[in-house]
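Note sheet for the following structure.
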Amino acid sequence: MLREGDLELIDALQVNPRASWSEVGAVLDVDPATVARRWKRLTDARLAWCTVALGQRQLHTMSVAFLELTCEAGAAGEVAADLAREPHVITVQHIAGSYDLWVIAMAPDLAGLSEYLLHRLPRQPGITRVRTHIATRAFDLSMRWRLRVLNKAQAERLRPTQVTPAATRPMDELDRRLFVALSMDGRRTFAELEAELDLSARTVQRRMNRLIAVGDITFRCDLARQLAGWHASAVLWLSMPDDHLERTGEQLLRWPETRTCAAIAGPDNLLLTVGLHGVADLHGLVTRLRKEFPHATIVDRQMVLRQVKLYGRVLDPVGRWASTTPLDLWALGS
């Protein structure tokens with residue numbers, strides 16, 4: 001298990017993934033050099049990491065698909081490994097239930113996503129069946145989940161200062177290159193990005209600040225969750241009247257267990273993935289769902305057997321990151 005000091009540091013970076021070590025140290029009452037050493041130890045051991053993610057404004061422009069895959073006998077592991085190398089696939093999980101894998105794929109438009117789903121994916125060796133659910137509204141794709149070790153006052157001190165948004169425009173090619181570079185490490189310095197992108201550090205900083213301000217990008221910090229006491233997770237499919245979707249989704253974002261929450265097209269019109277301390281906790285969560293949302297029917301639920309990929313990071317069985325696939329969420333653009 002991770003130590004208490006490590007959990008505090010990770011939670012601090014979940015609140016503000018690009019906070020300086022001075023800012024983090026001041027909140028944790030630890031010397032900045034000590035904080036930096038702790039983080040290096042965690043990243044060297046591949047127990048924690050920071051990466052970039054799409055902000056809400058950009059996320060609403062993307063096409064998101066939740067995929068249920070059935071594989072040939074014995075092929076699920078190889079199929080999962082192949083999918084984990086795809087730059088437009090952000091999540092791959094082995095699932096217990098009527099299908100083998102659960103996947104999240106993204107594209108900048110429906111045409112590009114459709115081409116992939118109708119032609120490329122079904123021809124991939126080992127896949128026998130694909131069932132697709134298209135998101136009509138992604139409330140969150142595991143960007144807000146955090147350990148909640150810090151108290152409210154500490155978290156508020158760390159939250160980034162809100163900047164008045166600049167004039168909005170679509171992300172251009174340089175913005176996308178910056179996103180791909182940050183997907184390798186969300187705490188990369190402007191000097192490191194300057195060398196890779198062949199832009200001045202000042203230009204990189206200005207572009208990043210604008211993308212953050214308008215809601216095109218955000219950052220996230222994650223960890224080997226089993227070592228923090230989160231030993232299980234599950235996928236739930238809910239059905240409810242459409243006029244309840246928005247309110248239910250927003251309320252579920254406040255639950256500490258919620259990771260992904262999205263409205264989807266179809267009779268099962270809300271998808272929810274949750275983190276759990278243990279498998280037995282699913283029953284209590286389902287009871288709470290039924291009590292707080294009597295308008296919702298839980299249609300199906302599956303336990304996650306193993307997380308293979310999480311937002312660009314390929315994980316080992318314990319949840320440590322084993323390798324990185326740079327995220328290019330525009331790779332399927334038509």
Side-chain angles (χ1 to χ4, degrees), residues 16-19 49-66 85-91 103-117 120 134-144 159-222 260-263 309-313 324-334:
N16 186 354
R18 287 189 63 86
W49 57 93
C50 289
T51 189
V52 72
L54 290 180
Q56 281 298 312
R57 190 183 85 100
Q58 186 65 25
L59 186 60
H60 291 332
T61 72
M62 304 292 283
S63 292
V64 181
F66 301 101
R85 289 189 285 269
E86 296 281 5
H88 56 276
V89 171
I90 65 173
T91 295
V103 176
I104 304 177
M106 298 184 67
D109 51 57
L110 188 58
L113 184 63
S114 298
E115 174 68 21
Y116 172 70
L117 297 176
R120 283 179 50 188
I134 300 295
T136 57
R137 169 91 157 86
F139 298 105
D140 189 34
L141 296 182
S142 197
M143 262 69 86
R144 305 189 202 187
R159 293 198 189 282
T161 303
Q162 295 296 320
V163 179
T164 302
T168 60
R169 60 167 174 77
M171 290 180 69
D172 62 21
E173 183 62 29
L174 286 177
D175 294 332
R176 295 170 185 176
R177 285 175 54 202
L178 175 58
F179 183 95
V180 174
L182 287 168
S183 73
M184 300 293 290
D185 180 2
R187 288 189 60 85
R188 296 179 78 176
T189 66
F190 297 125
E192 292 170 336
L193 294 166
E194 175 184 35
E196 179 167 335
L197 300 175
D198 195 24
L199 298 170
S200 71
R202 178 58 184 159
T203 299
V204 173
Q205 183 180 19
R206 187 169 58 249
R207 280 182 173 265
M208 187 185 299
N209 288 342
R210 186 191 64 79
L211 292 170
I212 295 170
V214 301
D216 280 338
I217 69 170
T218 185
F219 293 89
R220 54 179 285 155
C221 176
D222 220 313
T260 294
C261 184
K309 186 180 185 182
L310 178 64
Y311 228 93
R313 299 290 171 138
T324 303
T325 300
L327 284 176
D328 184 357
L329 304 180
W330 301 269
L332 297 180
S334 58

Tell me every residue that passes side-chain hydrogen bond (donor to acceptor under 3.5 Å, both in side chains) with [X], counting only those two or more places apart in sequence or in another chain.
{"X": "Arg85", "value": "Asp82"}
{"X": "Glu196", "value": "Arg188"}
{"X": "Glu86", "value": "none"}
{"X": "Thr61", "value": "Gln58"}

(request) Applying salt bridge (charged side-chain N to carboxylate O under 4.0 Å, His left out), name anything that partners Arg202, two or more places apart in sequence or on another chain. (result)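 Listed in chain order: nothing, the list is empty.
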(message) Applying salt bridge (charged side-chain N to carboxylate O under 4.0 Å, His left out), can you list everything that pairs with Arg57, at least two apart in sequence or on another chain?
(response)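 Applying salt bridge (charged side-chain N to carboxylate O under 4.0 Å, His left out) to Arg57 gives Asp216.
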(message) Using the ring pair (Phe, Tyr, Trp, His ring centres under 6.0 Å) criterion, which residues pair with Phe66? Sequence neighbours excluded.
(response) Trp102
List the residues meeting side-chain contact (heavy atoms from CB on, under 4.5 Å) with [X], not counting sequence neighbours, and say none if there are none.
{"X": "Glu115", "answer": "His119"}
{"X": "Ala263", "answer": "Thr136, Arg137, Phe139, Leu245"}
{"X": "Pro160", "answer": "Asn16"}
{"X": "Ala53", "answer": "Met143, Thr218, Arg220, Tyr311"}

(message) Does anything in residues 171-214 form a ring-ring contact (aromatic ring centres under 6.0 Å, His included)? List the pairs, not counting sequence neighbours.
(response)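 Checked against ring-ring contact (aromatic ring centres under 6.0 Å, His included) - neighbours excluded - the pairs reaching residues 171-214 are Phe179-Trp330.
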